[in-house]
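Note: hydrogens, waters and symmetry copies are ignored here, and every other heavy atom, side chains too, is used. Note on naming: letters A, B, ... go to the chains in the order of the sequence lines (proteins, then strands), and numbering restarts at 1 for each one.
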There are 4 protein chains.
Amino acid sequence: MVYRRTKKVDQKLEARLQAIMQAAKEEFARHGFYGTSVKDIARRAGVGIGTIYLYLRNKEALFTALVNEAYEMVLERIAQARKNTAGGRQKLQVSMEAALAVLQENRDLARVMLVQSPAGHPAVAEQLYDLLRRLTQLVEEDVLEGIQRKELPPQDAHVAALAFVGTFYQVVISWLKEGIPSDLTLAGKELVAYNLRGLGYDLEGDIGNG
Amino acid sequence: MVYRRTKKVDQKLEARLQAIMQAAKEEFARHGFYGTSVKDIARRAGVGIGTIYLYLRNKEALFTALVNEAYEMVLERIAQARKNTAGGRQKLQVSMEAALAVLQENRDLARVMLVQSPAGHPAVAEQLYDLLRRLTQLVEEDVLEGIQRKELPPQDAHVAALAFVGTFYQVVISWLKEGIPSDLTLAGKELVAYNLRGLGYDLEGDIGNG
Amino acid sequence: MVYRRTKKVDQKLEARLQAIMQAAKEEFARHGFYGTSVKDIARRAGVGIGTIYLYLRNKEALFTALVNEAYEMVLERIAQARKNTAGGRQKLQVSMEAALAVLQENRDLARVMLVQSPAGHPAVAEQLYDLLRRLTQLVEEDVLEGIQRKELPPQDAHVAALAFVGTFYQVVISWLKEGIPSDLTLAGKELVAYNLRGLGYDLEGDIGNG
Amino acid sequence: MVYRRTKKVDQKLEARLQAIMQAAKEEFARHGFYGTSVKDIARRAGVGIGTIYLYLRNKEALFTALVNEAYEMVLERIAQARKNTAGGRQKLQVSMEAALAVLQENRDLARVMLVQSPAGHPAVAEQLYDLLRRLTQLVEEDVLEGIQRKELPPQDAHVAALAFVGTFYQVVISWLKEGIPSDLTLAGKELVAYNLRGLGYDLEGDIGNG
DNA sequence: CATGAATGAGACTTCATTCAT
DNA sequence: GATGAATGAAGTCTCATTCAT
């Protein structure tokens with residue numbers, strides 16, 4: 001009798017993987033990479049230790065997978081938002097809002113990626129920096145475009161982009177660690193203004209129109 | 001003659017402590033807290049393992065001491081700079097310049113504190129956040145003062161302060177990890193402009209005067 | 001089929017725990033607490049080092065468990081013997097015999113408890129003294145009863161009880177360390193006579209009847 | 001100029017050795033062999049660590065020396081007492097009293113020898129057993145003599161001697177650890193009676209005459 | 001003679017990963 | 001597929017002993 005991979009079996013496997021990922025997310029978010037043992041994750045996921053190794057190569061791969069999940073989630077959400085938007089300034093604005101929204105919706109994942117990630121294996125930390133690099137690049141392109149169109153004064157676009165991303169990073173970290181600001185979306189409005197001003201956009205009379 | 005604590009002996013002890021701290025700084029900067037073993041540090045410092053424990057209580061204390069060194073260096077340098085300066089905007093400007101200068105002069109220490117610190121024991125990571133908190137508070141006070149004096153438009157001073165600090169954090173991280181911008185002091189000029197604009201200062205005609 | 005806790009598995013686990021306890025018993029009996037490393041025990045038990053920590057919290061717990069085992073064995077055996085006996089003198093007599101019998105049957109355990117125990121952690125040494133205290137108290141009660149019934153002359157019951165217990169302690173130690181007397185049970189007969197006389201019982205014509 | 005070993009120098013050396021021995025006595029008495037570090041002893045003696053090694057080969061030798069001191073003190077005191085005494089029974093009696101007296105006068109030393117000694121290196125523990133062996137032998141000879149003279153009933157003299165010594169051992173341990181009996185000399189009277197009766201001496205009308 | 005800084009062997013313990021069931 | 005008992009490498013830290021000062 002041949003073993004047949006039925007849809008039901010597939011679903012069960014998928015569910016199990018999700019349970020593991022969810023458990024890992026919660027444990028890593030709270031105790032970091034080194035403070036979390038594989039046993040902890042297995043217990044929380046309600047599976048055996050060995051089972052985890054059926055789904056993930058090792059502990060580092062598990063951590064990497066989570067960071068990657070957050071990574072792609074953020075980028076995709078931003079891409080989605082930009083697709084339906086035209087104009088450098090608008091693009092920047094919707095990007096910021098999208099990023100904050102997705103992080104607010106996935107607090108544990110955000111914590112893993114932004115707070116705990118640097119604590120993991122260097123290779124894992126690299127992922128976070130890669131994300132920040134891509135975000136920075138995105139912003140840099142918009143800034144360059146703005147400069148070209150004379151919407152923005154001449155400036156070092158790379159430094160500006162880093163500063164831009166940095167404002168978000170810091171606010172999100174504070175939100176994750178201190179709970180302040182309590183509402184990321186609200187704080188986002190302020191951030192948008194800060195950064196657009198910072199870049200040199202003329203906001204006369206239209207703050208908050210976005 | 002009995003063993004006497006001569007000036008020469010004292011110097012040697014001090015030198016040895018410095019050798020250990022320096023070795024630790026380099027190892028931690030490169031491999032992080034968990035990626036560095038006490039043995040590694042001992043070897044690099046050219047001392048026995050046990051020797052390290054004559055100077056520091058344990059591995060965590062060694063790490064803490066380094067972060068603390070950076071911490072105090074940064075704060076003191078900023079305090080010094082502010083002491084001889086009047087005016088909210090000027091104070092912010094010299095603070096930024098002082099912070100960047102001291103970090104540029106102590107790259108390994110900066111790396112330990114900013115990049116590797118979150119990876120250490122939670123207690124150690126807390127130190128970094130404490131520094132960032134204090135810097136944020138400093139900025140927040142200046143911002144509030146600016147708003148009161150009508151030099152700045154009304155805004156959420158806390159979010160603004162976080163954003164302000166975030167721009168520096170991100171630029172410094174990039175400098176530490178990518179080497180870009182290559183010159184922190186130069187980038188500082190851009191950052192100053194970005195943040196003063198972001199806060200809402202009117203920079204007409206005087207960008208770069210600081 | 002999933003991993004199931006079958007009877008066979010349980011037996012194996014129990015056997016392994018016993019192997020570890022037995023190995024520890026032998027090593028501790030010969031080399032004491034500080035003279036025995038966990039590695040030694042693991043090697044003798046034929047298991048990995050880490051395995052020991054699956055069964056016992058740490059080295060001290062392993063030692064404590066052994067002393068406790070001996071402790072309870074002795075007390076239970078004495079309680080058993082006294083349950084079926086009436087009369088102060090008879091109770092003392094069967095207690096002595098029971099104690100000697102159980103020690104003779106568990107030589108390594110006796111060695112761990114009586115010879116090596118004081119060498120372990122202070123907390124562990126305390127267990128031995130606790131046992132001796134309880135035995136002394138038991139005897140003291142019997143002595144007081146005998147005095148009340150005028151079967152014994154007035155005397156310091158506590159000192160008498162200590163002396164009583166001391167005779168056994170010393171003989172057992174000699175047996176453990178020198179092998180003399182070779183037969184504890186036989187020596188017991190002499191000890192019984194010695195102590196009953198010492199306490200002041202009138203043994204005229206009935207020595208050895210017990 | 002030749003260095004001359006004056007009496008004054010000799011005295012100073014002797015005093016230093018005594019300070020070390022005294023410090024060691026106190027530390028070992030309280031914390032045992034493994035619980036006491038050479039540094040502890042040096043600090044208490046008010047000398048440098050290295051100085052200890054000028055007087056004693058190593059830590060074990062220091063401990064051994066102390067046990068030996070107690071050892072010889074006890075034996076010598078007993079010998080002294082027996083020298084001026086005739087008669088088996090009297091000899092036993094004065095021996096007991098001498099032993100208790102010397103222990104009472106040297107509580108720390110007693111603690112090192114009786115309580116902490118088994119905790120030290122096996123070689124050190126051996127010394128204690130050696131002392132007990134010699135005491136036992138002494139008693140055994142007296143008992144044999146008593147039997148020969150028909151002052152004592154026939155019995156296993158070795159077991160009797162062990163029992164005899166054991167009563168003292170236990171009472172002294174209790175005194176050292178619990179402080180009960182509070183007065184060793186007083187308890188000694190009871191012990192003497194216990195043991196003489198235990199051996200089979202006829203004490204009619206003369207208890208306490210010794 | 002005296003000192004105490006320096007050393008490193010060795011002890012305990014943890015935990016990621018494997019594999020027989 | 002699923003499990004968790006078993007493993008042992010590797011890490012941190014202690015402390016008896018040495019030796020330059």
Colleague: Do the side chains of L66(B) and M113(B) get nearer than 4.5 Å, heavy atoms only?
Modeller: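 No. Closest side-chain heavy atoms not under 4.5 Å.
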Colleague: Can you check the I41(B) CD1 to dG11(F) P distance for me, whole Å?
Modeller: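 Atom-to-atom, I41(B) to dG11(F), this comes out as 12 Å.
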Colleague: Would you kindly give the CG-to-C1' distance between L56(C) and dA6(F), to the nearest whole Å?
Modeller: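 From L56(C) CG to dA6(F) C1': 15 Å.
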Colleague: How long is the line joining CZ of R43(A) and C1' of dG4(F), in whole Å?
Modeller: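 To the nearest whole Å, that distance equals 12 Å.
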Colleague: Without decimals, in angstroms, what is the distance between D10(C) CG and dA5(F) P?
Modeller: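 One finds 10 Å between P of dA5(F) and CG of D10(C), rounded.
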Colleague: Output the pairing pattern of DNA chain E as a dot-bracket string, 5' first, Watson-Crick or G-U wobble with both distances under 3.5 Å, | for cross-strand pairs, [ ] for crossing pairs.
Modeller: .||||||||||||||||||||
Colleague: I want to confirm an ordering. Mapping G46(D) and K12(C) to their closest nucleotides on DNA chain E, which one lands closer to the 5' end?
Modeller: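 With G46(D) and K12(C) compared, the 5'-side residue is G46(D).
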Colleague: What's the shortest heavy-atom distance between A23(D) and I41(D), and which atoms?
Modeller: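 Taking every non-hydrogen atom into account, CB-O, 3.7 Å.
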Colleague: Specify the closest pair of heavy atoms between Y71(A) and D130(A), including all atoms of both residues, with the distance to one decimal.
Modeller: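 Looks like OH-OD2, 2.7 Å.
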Colleague: Within the structure, does a side-chain N or O atom of Y55(D) lie under 4.0 Å from either OP1 or OP2 of dC1(E)?
Modeller: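 Answer no for this pair, as no side-chain N or O of Y55(D) is under 4.0 Å from OP1 or OP2.
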Colleague: With the threshold set at under 4.0 Å for non-hydrogen atoms, list the residues of residues 14-28 of chain A touching DNA chain E in residue-number order.
Modeller: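 Contacting residues: none.
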Colleague: To the nearest Å, give me how far apart NE2 (H31(A)) and P (dC15(E)) are.
Modeller: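 After rounding, the gap between these two atoms is 13 Å.
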Colleague: Given T36(A) and F63(A), is the side-chain contact (heavy atoms from CB on, under 4.5 Å) satisfied, shown in steps?
Modeller: CA-CA 11 Å; T36(A) 300; F63(A) 195 68; over 6 Å; no
Colleague: Mind listing the closest non-hydrogen atom pair of M21(B) and A65(B) along with its distance?
Modeller: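 Where M21(B) meets A65(B) most closely, the heavy atoms are CE-CB, 3.9 Å.
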Colleague: Going by side chain to side chain donor-acceptor pair (under 3.5 Å), name the residues that satisfy it together with D108(B), two or more places apart in sequence or in a different chain.
Modeller: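 In terms of side chain to side chain donor-acceptor pair (under 3.5 Å), with neighbours along the sequence ignored, D108(B) is linked to no residue.
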Colleague: Which pair of heavy atoms, one from L109(D) and one from A70(D), lies closest together, and at what distance?
Modeller: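 Taking L109(D) first and A70(D) second, the nearest heavy atoms are CG-CB, 3.6 Å.
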Colleague: Within this structure, what is the CD-to-P distance between Q11(C) and dT21(E), rounded to whole angstrom?
Modeller: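 The answer, rounded to whole Å, is 14 Å.
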Colleague: If you compare all heavy atoms of V112(B) against all heavy atoms of K25(B), which two are closest, and at what distance to 0.1 Å?
Modeller: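 Heavy atoms only, the tightest pair is CG2-O, 3.5 Å.
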Colleague: Only distances under 3.5 Å count here; give the side-chain donor-acceptor pairs of residues 43-53 of chain A to other protein atoms, sequence neighbours excluded, each with its distance to 0.1 Å.
Modeller:
| from | atom 1 | to | atom 2 | distance (Å) |
| --- | --- | --- | --- | --- |
| R44(A) | NE | E27(A) | OE2 | 2.7 |
| R44(A) | NH1 | E26(A) | OE1 | 2.4 |
| R44(A) | NH2 | E27(A) | OE2 | 3.4 |

Colleague: According to the salt bridge (Lys or Arg N to Asp or Glu O under 4.0 Å) rule, which pairs have a member within residues 48-68 of chain A, sequence neighbours left out?
Modeller: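 Not a single pair qualifies under salt bridge (Lys or Arg N to Asp or Glu O under 4.0 Å).
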Colleague: In terms of ring plane angle, is the pair F28(A) and F33(A) parallel, tilted or perpendicular, where the classes change at 30° and 60°?
Modeller: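 Rings of F28(A) and F33(A): parallel, under 30°.
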Colleague: Which protein N or O atoms sit under 3.5 Å from an N or O of nucleotides 10-13 of chain E?
Modeller:
| from | atom 1 | to | atom 2 | distance (Å) |
| --- | --- | --- | --- | --- |
| dC12(E) | OP1 | K59(C) | NZ | 2.7 |
| dC12(E) | OP2 | V38(C) | N | 3.2 |
| dT13(E) | OP2 | Y53(C) | OH | 2.8 |
| dT13(E) | OP2 | K59(C) | N | 3.1 |

Colleague: On DNA chain F, compare the nucleotides closest to L54(C) and G50(B); which residue's is nearer the 5' end?
Modeller: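 It is L54(C), whose closest nucleotide lies nearer the 5' terminus.
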